[in-house]
**Q** 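This is the structure I want to talk about, given as structure tokens.
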Amino acid sequence: MNKAPIAIAIHGGAGVLTPGLLPPQDEDAIHEALRHAIDAGHQVLEAGGSSLDAVESCVVALEECPWFNAGKGAVFTEDGTHEMDAAIMNGADRSAGAIAGAHYIRNPIRGARVVLEHSDHVMLAGEGADRFLLEQDQPQVANDWFDTELRRRQWQDNRSGHKAPSLEPSHANHHGGETGGSEKPGHKFG
Amino acid sequence: TVGAVALDSHGHVASATSTGGITNKRFSRVGDTPLIGAGTWADDRSAAISATGHGEYFIRAVVGHDIAARMRFAGRDLATACDEVVHQELKALGGQGGVIAVSPDGDTRLSFNTPGMYRAWRDDEGQLHTAIY
């Protein structure tokens, strides 16, 4: 008897990622991080778990990895802080939860899941989202816990107007000269 | 931005997306990630989709829901629907980035109009793959 099909895919951002820009050891580290993240969700599915639990497991693993622009390793705002957005949706009943501009929840995707399961709403934003997630006893961290040296350097480069090639998620040229061209080597969207 | 889509053994799909946004963002800018239908969408009648890219364009193209609607109402398969939206609708607006998607029948599609996307997927034989470019 054939097993019911399962399927899974993940992403960690897209952009003008140029072969050779990253040192080989960094590429290896990113491949390993992707493997670790998809394994987390795949194990859930292989054990008969739900797709909702599987996608949450994958995204938590990616949020915990400083290589990606989510959770630990999130980019800086102009003010030097971090604002996190996340959403999760269940295809079985189209229930959904999302947060925008959250500051303190360690794993934003878990915050989105809490909105899905424990609120009457689909999206909570800013200080209200922070307050709701605190009331829901979600693990909190100081906002600077999300800092990494790579992101701080990119933030500083952007503030000083120097646009050195990097793997940063950055402004694209939507606002004309505000942010520099999006086709430069290494440009990556958040 | 990071994201995941999955189909479980009960036939249900789900999608999740998370991001720190764009570097040096101001004015409490919010992109497509938390907007249901734009950066994140899941519906057992069509597909689960998670997007990454220039959020303002993904919002205007309502990327996730557009892919699902093409499947549900126009009979497109997953690959065709994803490619039409990413390489035609989105590209016509000037939007760059990509999507990952799975359908309830087990199809998987990774579609992007940029030179690279960090990604991983499980193929038809159960093997897990990772790629950058």
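Letters A, B, ... mirror the listed sequences (proteins, then strands); counts begin at 1.
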**Q** Does the side chain of Met84(A) reach to within under 4.5 Å of the side chain of Ser18(B), using non-hydrogen atoms?
**A**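 Heavy-atom side-chain distance check fails, nothing below 4.5 Å.
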
**Q** Determine which pairs satisfy ring pair (Phe, Tyr, Trp, His ring centres under 6.0 Å) with at least one residue from residues 64-107 of chain B, sequence neighbours left out, and list them in order.
**A**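 Non-adjacent pairs meeting ring pair (Phe, Tyr, Trp, His ring centres under 6.0 Å): Trp41(B)-His65(B).
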
**Q** Nearest 0.5 Å, please: how far is OG1 in Thr23(B) from CD in Gln154(A)?
**A**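 Here the interatomic distance stands at 5.5 Å.
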
**Q** Given the options Pro19(A), Pro5(A), Gly101(A), which has more heavy-atom pairs under 4.5 Å with chain B than any of the others?
**A**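 Winner by heavy-atom pair count: Pro19(A).
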
**Q** Between Ala92(A) and chain B, which part of the residue has a heavy atom less than 4.5 Å away: side chain, backbone, both or neither?
**A**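 When you check distances to chain B, atoms from both the backbone and side chain of Ala92(A) fall under 4.5 Å.
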
**Q** Would you say Phe68(A) and Val141(A) are hydrophobically clustered, going by side-chain heavy atoms of ILVMFWY under 4.5 Å?
**A**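 No; Val141(A) is not reachable from Phe68(A) via cluster members.
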
**Q** Flag the one option from Ala86(A), Ala7(A), Ala33(A) with the top tally of heavy-atom pairs under 4.5 Å to chain B.
**A**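 The answer is Ala7(A).
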
**Q** In Å and rounded to the nearest 0.5 Å, what is the CG to OG1 distance from Leu34(A) to Thr130(B)?
**A**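 Taking CG in Leu34(A) and OG1 in Thr130(B), the distance rounds to 6.0 Å.
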
**Q** Thr108(B) and Ala9(A): which non-hydrogen atoms are nearest, and at how many Å?
**A**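 Answer, listing the atom of Thr108(B) first, then Ala9(A): CG2-CB, 3.9 Å.
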
**Q** Heavy-atom pairs under 4.5 Å with chain B: which of Asp79(A), Thr81(A), Asp39(A), Leu62(A) has the most?
**A**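 Looking at each option in turn, the highest pair count goes to Leu62(A).
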
**Q** Write down the atom of Val75(A), the atom of Gly21(B), and the distance for their closest heavy-atom approach.
**A**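 Smallest interatomic distance, heavy atoms only, reads CG2-O, 3.6 Å.
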
**Q** Tell me, side chain or backbone of Glu32(A) under 4.5 Å from chain B's heavy atoms, or both, or neither?
**A**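 Glu32(A) has no heavy atom closer than 4.5 Å to chain B.
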
**Q** To the nearest 0.5 Å, what is the distance between OH on Tyr118(B) and CG on Asn69(A)?
**A**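 Going from OH on Tyr118(B) over to CG on Asn69(A), the span is 11.0 Å.
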
**Q** Any idea which of Ala74(A), Ala70(A), Ala37(A) has the most non-hydrogen atom pairs under 4.5 angstrom with chain B?
**A**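 Result: the option with the highest number of such pairs is Ala70(A).
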
**Q** Is Val59(A) reachable from Trp145(A) through a run of I, L, V, M, F, W or Y residues, each pair having side-chain heavy atoms under 4.5 Å apart?
**A**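 No.
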
**Q** Measuring only between side-chain heavy atoms, which start at C-beta, is Leu110(B) closer than 4.5 Å to His11(A)?
**A**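 No, side chains not in contact.
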
**Q** What distance separates Ile22(B) CD1 from Glu78(A) CD, expressed to the nearest 0.5 Å?
**A**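 Output value for this atom pair is 11.0 Å.
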
**Q** Quick one, Ile8(A) and Trp121(B) - any side-chain contact, counting heavy atoms below 4.5 Å?
**A**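 Counting from C-beta outward, Ile8(A) and Trp121(B) never come under 4.5 Å.
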
**Q** Looking at every heavy atom in both Ala14(A) and Thr114(B), which two are closest together, and how far apart are they?
**A**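 In terms of heavy atoms, the two residues are closest at CB-OG1, 3.7 Å.
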
**Q** More than 12 heavy atoms of other residues, nucleotides or ligands under 6.0 Å from CD of Gln25(A): yes or no?
**A**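 Count over threshold, so yes.
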
**Q** Is there a continuous path of hydrophobic side-chain contacts, each under 4.5 Å between heavy atoms, that joins Val102(B) to Val44(A)?
**A**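 No: no chain of side-chain contacts under 4.5 Å links Val102(B) to Val44(A).
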
**Q** Looking at Ser46(B), Gly106(B), Gly3(B), Ala4(B), which makes the most heavy-atom pairs under 4.5 Å with chain A?
**A**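 So the answer, after comparing Ser46(B), Gly106(B), Gly3(B), Ala4(B), is Gly3(B).
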
**Q** So which part of Ala47(B) gets closer than 4.5 Å to some heavy atom of chain A, the side chain, the backbone, both or neither?
**A**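 Interface part for Ala47(B): neither.
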
**Q** Any idea which heavy atoms bring Ala98(A) and Pro34(B) closest together, and the distance?
**A**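 Nearest pair, atom of Ala98(A) first, then Pro34(B): CB-O, 3.3 Å.
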
**Q** Apply side-chain contact (heavy atoms from CB on, under 4.5 Å) to Ile30(A) and Ile132(B), showing your working.
**A** CA-CA 8 Å; Ile30(A) 290 169; Ile132(B) 295 176; 4.1 Å; yes

**Q** Within the 4.5 Å heavy-atom criterion, are Lys25(B) and Glu83(A) side-chain neighbours or not?
**A**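 Yes, close enough: below the 4.5 Å cut-off.
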
**Q** Once rounded to the nearest 0.5 Å, what's the spacing between atom CD1 of Ile109(A) and atom OG1 of Thr33(B)?
**A**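 It comes to 9.5 Å.
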
**Q** Within a 6.0 Å radius of atom NE2 on His36(A), are there more than 12 heavy atoms belonging to other residues, nucleotides or ligands?
**A**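 Atom NE2 in His36(A) is not crowded, with 12 or fewer foreign heavy atoms closer than 6.0 Å.
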
**Q** Side chain from CB out, backbone as N, CA, C, O: work out which of these in Ala51(B) comes under 4.5 Å of a heavy atom of chain A, or both, or neither.
**A**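 Answer is backbone: N, CA, C or O of Ala51(B) sit under 4.5 Å from chain A.
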
**Q** Select one option (side chain, backbone, both, neither) describing which atoms of Arg45(B) are under 4.5 Å from chain A's heavy atoms.
**A**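 Just the side chain, heavy atoms under 4.5 Å.
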
**Q** Apart from Ile105(A) itself, what residues make up its hydrophobic cluster, given side-chain heavy atom links below 4.5 Å?
**A**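 Besides Ile105(A), the cluster holds Ile99(A), Val114(A), Val115(A), Leu124(A), Phe132(A), Leu133(A).
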
**Q** Under 4.5 Å between side-chain heavy atoms, hopping through other hydrophobics if needed: is there a path connecting Met117(B) to Leu90(B)?
**A**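 As far as the 4.5 Å side-chain criterion goes, Leu90(B) and Met117(B) are not connected within one cluster.
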
**Q** Working to the nearest 0.5 Å, report the span between CZ of Arg122(B) and NE2 of His42(A).
**A**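 If I round to the nearest 0.5 Å, the distance is 4.0 Å.
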
**Q** When you compare the side chain of Leu35(B) with that of Met123(A), does any pair of heavy atoms fall below 4.5 Å?
**A**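 Side chain of Met123(A) against side chain of Leu35(B), heavy atoms only: contact under 4.5 Å found.
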
**Q** What residues of residues 5-13 of chain B sit under 4.5 Å from chain A when you count only heavy atoms?
**A**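 Within residues 5-13 of chain B, near chain A: Val5(B), Ala6(B), Leu7(B), Asp8(B), Ser9(B), His10(B), His12(B), Val13(B).
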
**Q** For the hydrophobic clusters of this structure (ILVMFWY residues joined by side-chain heavy atoms under 4.5 Å, transitively), does one cluster hold both Val122(A) and Phe58(B)?
**A**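 As far as the 4.5 Å side-chain criterion goes, Phe58(B) and Val122(A) are connected within one cluster.
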
**Q** Tell me, out of Gly94(B), Pro104(B), Gly55(B), Ser50(B), who's got the most heavy-atom pairs with chain A below 4.5 Å.
**A**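 Heavy-atom pair counts peak at Ser50(B).
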
**Q** Under a 4.5 Å cutoff for heavy-atom pairs, which residue among Ile88(A), Leu52(A), Asp53(A), Asp93(A) has the most contacts with chain B?
**A**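 The candidate making the most pairs under 4.5 Å is Ile88(A).
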
**Q** Is it the side chain or the backbone of His82(A) that comes within 4.5 Å of chain B heavy atoms, both, or neither?
**A**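 Neither part, no heavy atoms under 4.5 Å.
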
**Q** Check whether any side-chain heavy atom of Ile36(B) sits under 4.5 Å from a side-chain heavy atom of Met89(A), and report yes or no.
**A**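 A side-chain contact exists here, since the closest heavy-atom pair is under 4.5 Å.
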
**Q** Can you run down the ring pair (Phe, Tyr, Trp, His ring centres under 6.0 Å) pairs that involve residues 17-40 of chain B, sequence neighbours left out, and say none if there aren't any?
**A**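 Passing the test, one end in residues 17-40 of chain B: no pairs.
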
